[in-house]
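Each remark here refers to the structure printed beneath this line.
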Protein chains: 2
Amino acid sequence: MVDSESPSAARVLQLVASGAASSRTELATALGVAQSTVSLRVQELLRAGVLTETGHGRSQGGRRPRTLAVAAEAGYVCMADLGGAHTRIGVLDIGGRLLHSEEIPLGAGESPQATLDALHDAVHTMLDTVRPSGVLLGAGIGLPGPVQDGAVTLPSRMPGWRGFDAAHALRRTFDCPVVVDNDANLMAIGEARVTNRGKENLVVVKAGSGIGSGVIVGGALYRGNDNASGDISHMRVAAGADLPCSCGIRGCFAAVASGAALVEQLRAKGMAVESTSDVVRAAENAEPEVITTVRAAGSLLGEVLATIVNFFNPDAVLLGGALSTSEAYVAAVRAGLYDRCLPLSTRNLEISRVRTGADAGLFGAGLLVLDTVLDERLAALADSRTEPDEKAGV
Amino acid sequence: MVDSESPSAARVLQLVASGAASSRTELATALGVAQSTVSLRVQELLRAGVLTETGHGRSQGGRRPRTLAVAAEAGYVCMADLGGAHTRIGVLDIGGRLLHSEEIPLGAGESPQATLDALHDAVHTMLDTVRPSGVLLGAGIGLPGPVQDGAVTLPSRMPGWRGFDAAHALRRTFDCPVVVDNDANLMAIGEARVTNRGKENLVVVKAGSGIGSGVIVGGALYRGNDNASGDISHMRVAAGADLPCSCGIRGCFAAVASGAALVEQLRAKGMAVESTSDVVRAAENAEPEVITTVRAAGSLLGEVLATIVNFFNPDAVLLGGALSTSEAYVAAVRAGLYDRCLPLSTRNLEISRVRTGADAGLFGAGLLVLDTVLDERLAALADSRTEPDEKAGV
DNA sequence: CCTACTTCAACCAAGATCGAAGGAAGTGGC
DNA sequence: GCCACTTCCTTCGATCTTGGTTGAAGTAGG
C-alpha cells in the first residue's frame with residue numbers, strides 16, 4: 001500500500017529522467033537509501049535495457065560520476081484524462097517525462113464504447129505526430145467518478161457508463177496493460193510524485209466541472225475501503241439548501257459550487273458561457289457578475305475544506321482543475337479555509353495550486369501504469385536470468 | 001509509522017495474554033509471519049523474562065504444543081483517561097490484559113499540577129488494592145484535547161492547561177516512562193488493537209462531554225501533520241447557526257451536540273442533570289424531552305460523520321464515549337449517517353459501538369506505553385548479551 | 001612528477017526474514 | 001509392537017536490505 005520513497009524501478013527512472021539525479025550517488029541521496037542498494041538496482045535496470053550509461057559527468061574534486069540516462073527507445077506510455085466535455089491526452093516516456101499533452105474536444109457524454117473508440121483514434125493521431133521512440137508499454141486513463149474494478153460505479157454526468165468495464169474495453173482497444181482510476185486520485189498521485197515536496201499527507205482537490213479530491217497518506221494514495229475516498233461533492237452546505245443533486249439529496253456542495261453549477265447559474269442570468277473554462281476566462285476578464293460567482297464558489301470550497309483539514313490535518317491542500325486556474329477562485333478558497341479552520345491545523349498548512357497544472361492527472365495515470373509495467377518487466381528478466389543459471393549450474 | 005501487523009514484542013505478548021495464541025505455531029498464523037521468525041522472537045522474550053513456558057497443550061494429532069504465558073511478575077503499566085468531570089484509571093499487565101479499571105471523581109478543571117497530584121494519589125490507592133505483581137513499567141495518560149510534545153495546545157474545558165508539559169510532570173511524579181496523548185487517539189488505538197476486526201481504516205468517535213475522533217489508517221494511528229487529526233467538533237452545522245463556540249466561530253457542531261452542550265440545553269429547560277452520564281441515564285429512563293434531545297444530537301453526529309465517511313471511506317465507524325452508551329443515540333447516529341451518505345460508501349461500512357466500551361482509552365494508553373517500554377527492554381537485553389561476548393571473544 | 005585530498009562505486013559483513021528440511025513428540029491403524 | 005502419519009518446533013541456507021570499508025579514479029597544489 002505504501003510505495004512513496006521506496007526505490008521502485010519507476011521512481012529511479014523518474015529521478016534520472018527528470019534530471020534530479022544523473023549518477024548512482026545522486027540517486028542514493030535522492031532516494032535516501034544506501035549507495036550499494038542503488039548500485040544493484042541500477043545494474044538491473046541497465047541489464048533490462050531501460051537505463052543506459054551515457055558517459056562521464058564533471059568531477060567535483062574526485063572520481064567522475066558515470067552519468068545515467070533512460071533508454072528512450074525502451075518505450076512509452078500514453079494517458080487520457082476524460083472529462084465531461086473535454087479530454088486531455090498525453091504521452092510519457094519510460095522515465096516519466098511528459099513528451100506531449102493536448103486537449104481534445106471529446107466528452108464522456110456519448111456511449112462508452114463510442115467514446116473509447118474516438119479516444120483510441122485521437123491517441124493514435126497524437127502518436128503519429130509525436131512519434132515517441134520504442135513501443136507502447138501501457139495506458140492509463142482517468143474517469144470523472146468513483147472507479148471500482150475498472151468501471152465507474154456512480155457516473156453523475158456520464159449516462160450509460162455505470163458498470164461499463166472500461167479497463168477491459170481499453171485493454172482490447174489498445175492491446176497493452178491498462179490502468180483505470182478516478183481522475184482526482186490520479187491527479188493526487190501525479191502531483192505527489194512529480195513535485196516532491198517534503199510532504200507526506202496531502203489533499204489534492206480537482207475543481208473542474210465536477211469536484212473531487214485525492215488523498216495522499218504517507219506519500220502513497222489512500223484509497224479507502226471501496227476506492228471511493230476523497231468524495232467532497234456531497235457535503236451539506238447552507239448556501240444550497242434547496243438545490244437538488246444527482247445523489248438524491250438536497251443541499252450538496254457540488255450542486256452549488258462545481259464548474260457545471262456555475263455555468264448553469266450564469267446562463268440563468270443570461271451570460272454566454274458553455275463550459276467551466278468559459279467561466280474562468282470571463283472571471284479573468286473581470287466581469288463583475290462572474291467574478292462574484294466564482295469567488296462565492298471558492299469561498300464555499302474553502303469552507304468545505306476547513307472541515308476536511310480539521311479532520312485530516314494534512315501537510316498541504318493542493319488545488320487543481322479548471323477552476324483553480326482562476327486567481328480569484330484560489331484566493332477565495334484560501335480565505336474561506338483560514339476563516340473556518342482551527343489555527344492549530346492551518347499553522348503549518350500549505351495551500352497552493354498544483355504545480356503540474358492541467359497535466360497532473362496525466363502524470364498520475366502514466367506513473368501508475370509505469371509502476372506495474374516496469375515491475376513486471378524486471379520480474380520477467382529476473383526469471384529468465386535465474387532459469388538458465390540453474391540449468392548451467394547442475 | 002506503521003506497526004499494525006509487525007511482530008512487535010507488545011503484540012506477541014498481547015496475543016499470548018489474550019489467549020488468542022498460546023503456542024509458537026498459533027502465533028505464527030496469527031501474526032502472518034514464518035514460524036522460524038516467531039521462534040526466534042519467542043526465544044528473545046523468554047530470555048527477557050517476559051514470557052514463560054507453562055507446560056504442554058493438548059495434541060491435535062501430532063506433537064503437543066509448548067504453551068506460552070506472559071510472566072505476570074514481569075510488571076505492569078497503569079493508565080488514566082482524564083475527562084472534564086470524571087477520570088478513568090486502570091492497570092494493564094505486561095500482556096495487555098486489563099487487571100482493573102475504575103472511575104474516579106477527578107476532573108481537569110483544577111490546576112494541572114493539583115490534578116496530576118490527585119491522580120497520582122488515586123492511582124496508588126488503586127495499586128494498593130489491586131496489587132499487581134512486578135514493577136511499574138510505565139504509564140499512559142489521555143487528555144481531552146489536541147496534544148503536542150506532551151502538552152495540550154487547545155484546552156477547551158481545561159483552564160490553565162495550555163502549554164503545561166504534562167508528560168514531563170508525570171514522569172517526575174510517577175518516576176517511570178510516560179506517554180501522553182489525545183483521548184480519542186488512544187481510544188482508537190485501544191479499540192483497533194484489542195478487538196482485531198479485519199479492518200484497516202477506522203474512524204473511532206469519542207462522544208462524551210466533548211466530541212473527538214481518532215483515525216486508523218492501515219491498522220496504525222494516523223496523526224496528521226501536527227498530531228491534530230480527528231477533529232470534528234468544529235464542523236459547521238445549520239442547527240447551531242447562532243451558538244458561540246470556544247473556537248471563536250459560531251455554528252460549530254460540538255457547541256450544539258456535545259455532552260456538555262446537551263447538559264446545558266436540558267438545564268435551561270429546568271431538568272436536573274449535571275453530567276453527560278446523567279443525560280444518558282435520563283434518556284434510558286425514557287424521559288421524552290431528554291430522549292428527543294439525545295436523538296437530535298445523534299442525528300447531527302450522523303450527519304457530520306456522513307461527510308467524513310464520504311471523504312475518508314473507512315471500513316468502520318466506531319462509537320465510544322458516554323453518549324454512545326445510549327441506544328437511542330447510536331440509532332440516531334446510524335440513521336443520520338445512512339440518510340446523508342452515498343450508498344457507495346456505506347455499502348460495506350460497519351457502524352457500531354466500541355467493543356472495549358469505557359476502557360478503550362485505557363487500553364490504547366497502556367498498549368502504547370507497553371510498545372515503547374518493551375522495545376527498550378529488548379534492546380537493552382540484546383546489548384548486554386553482545387557486549388560480554390566481545391570481551392570473552394577477544 | 002609526486003603527494004594529499006576528494007569522490008565514486010564495488011565489495012563485504014551484519015541483521016532481518018523466509019522457506020525448506022529435519023528432528024522431536026505425539027496419534028492411530030494393523 | 002511396529003509403522004505411517006500429523007503436528008510442533010528448530011536449524012539451516014537463501015534473499016534482501018543496510019552501513020562501513022576499500023580500492024579506483026580524479027583534482028589540486030607544490
Side-chain angles (χ1 to χ4, degrees), chain A residues 2-9 11-12 16 21-47 51-68 375 378-379 381-383 385-387 389-390 393-394, chain B residues 2-9 11-12 15-16 21-47 51-69 375 378-379 381-383 385-387 389-390 393-394:
Chain A
V2 170
D3 67 339
S4 63
E5 296 296 337
S6 72
S8 76
R11 194 150 170 75
V12 169
V16 172
S22 58
S23 72
R24 291 165 177 78
T25 305
E26 284 179 18
L27 275 171
T29 57
L31 289 167
V33 300
Q35 287 193 342
S36 43
T37 307
V38 170
S39 234
L40 293 174
R41 202 160 284 266
V42 166
Q43 281 175 20
E44 264 188 280
L45 292 169
L46 287 172
R47 262 198 293 268
L51 264 188
T52 49
E53 291 192 334
T54 53
H56 297 277
R58 283 198 54 78
S59 164
Q60 296 174 10
R63 175 174 171 177
R64 293 176 304 178
R66 273 183 265 170
T67 53
L68 300 167
D375 278 1
L378 287 179
L381 199 86
D383 284 355
R385 233 187 21 258
T386 51
E387 277 170 25
D389 276 17
E390 280 172 16
V394 180
Chain B
V2 170
D3 67 336
S4 62
E5 294 298 337
S6 73
S8 77
R11 194 152 170 72
V12 170
L15 283 167
V16 172
S22 57
S23 71
R24 291 162 176 80
T25 305
E26 283 178 19
L27 275 171
T29 57
L31 289 166
V33 300
Q35 284 196 342
S36 46
T37 309
V38 170
S39 237
L40 293 174
R41 202 161 284 264
V42 166
Q43 281 175 19
E44 266 188 280
L45 293 170
L46 287 172
R47 262 197 292 269
L51 264 188
T52 49
E53 291 192 333
T54 53
H56 297 278
R58 281 197 54 76
S59 162
Q60 297 176 7
R63 176 175 173 175
R64 292 176 304 178
R66 273 184 265 169
T67 52
L68 301 167
D375 278 2
L378 287 179
L381 199 85
D383 284 355
R385 239 193 12 261
T386 53
E387 275 170 25
D389 277 18
E390 278 173 16
V394 180

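A, B, ... follow the sequence lines: proteins, then strands. Residue 1 opens every chain.
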Sugar-phosphate only, base, or nothing, as touched by A:Ser36 at under 4.0 Å among non-hydrogen atoms |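 Result for A:Ser36 = base.
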
### Task
Identify whether any heavy atom of A:Gln35 sits under 4.0 Å from a base atom; if not, whether one sits that close to sugar-phosphate; answer base, sugar-phosphate or nothing.
base

Notebook entry, point to check: So which nucleotide from D:dT17, C:dA9, D:dC9 ends up closest to the side chain of A:Pro65?
Noted result: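 Of D:dT17, C:dA9, D:dC9, C:dA9 is nearest to the side chain of A:Pro65.
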
TODO: Measure from the side-chain heavy atoms of B:Ser59 and tell me the nearest of C:dG26, D:dC9, C:dA10.
DONE: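 Nearest to the side chain of B:Ser59 among the choices is C:dG26.
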
Nearest whole Å is fine: how far is [N] [atom2] from [X] [atom1]?
X	N	atom1	atom2	value
B:Gln43	C:dT17	CD	C1'	15 Å
B:Leu46	D:dC9	CG	P	11 Å
A:Leu31	D:dT18	CG	P	10 Å
B:Glu53	D:dC9	CD	P	8 Å
A:Arg58	D:dT27	CZ	C1'	11 Å
A:Arg24	C:dA9	CZ	P	6 Å
A:Glu26	C:dT7	CD	P	13 Å
A:Arg64	D:dT27	CZ	P	7 Å

Verify the contact: side-chain N or O of [X] to OP1 or OP2 of [N], cut-off strictly under 4.0 Å; return yes or no.
X	N	result
A:Arg66	C:dA10	yes
A:Ser39	C:dA10	yes
B:Thr37	C:dC18	yes
A:Arg63	D:dA24	no

So CZ of B:Arg66 and CZ of B:Arg24: to nearest 0.5 Å the spacing works out to 5.0 Å

### Message
For the residue pair B:Ser22 / B:Thr67, report whether a side-chain donor-acceptor contact shorter than 3.5 Å exists.
### Response
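Judged by distance alone, the side chains do not pair up.
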
Validation row: A:Leu68, A:Glu53 side chains within 4.5 angstrom (heavy atoms) =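 When only atoms from C-beta onward are counted, A:Glu53 and A:Leu68 do touch, with a gap below 4.5 Å.
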
_B:Leu45 and B:Leu378, any side-chain heavy atoms less than 4.5 Å apart_ =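 With C-beta onward as the side chain, the pair touches.
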
inquiry  = Does A:Gln43 have more than 12 heavy atoms from other residues, nucleotides or ligands lying within 6.0 Å of its CD?
reply    =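 For A:Gln43, atom CD is crowded (more than 12 foreign heavy atoms under 6.0 Å).
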
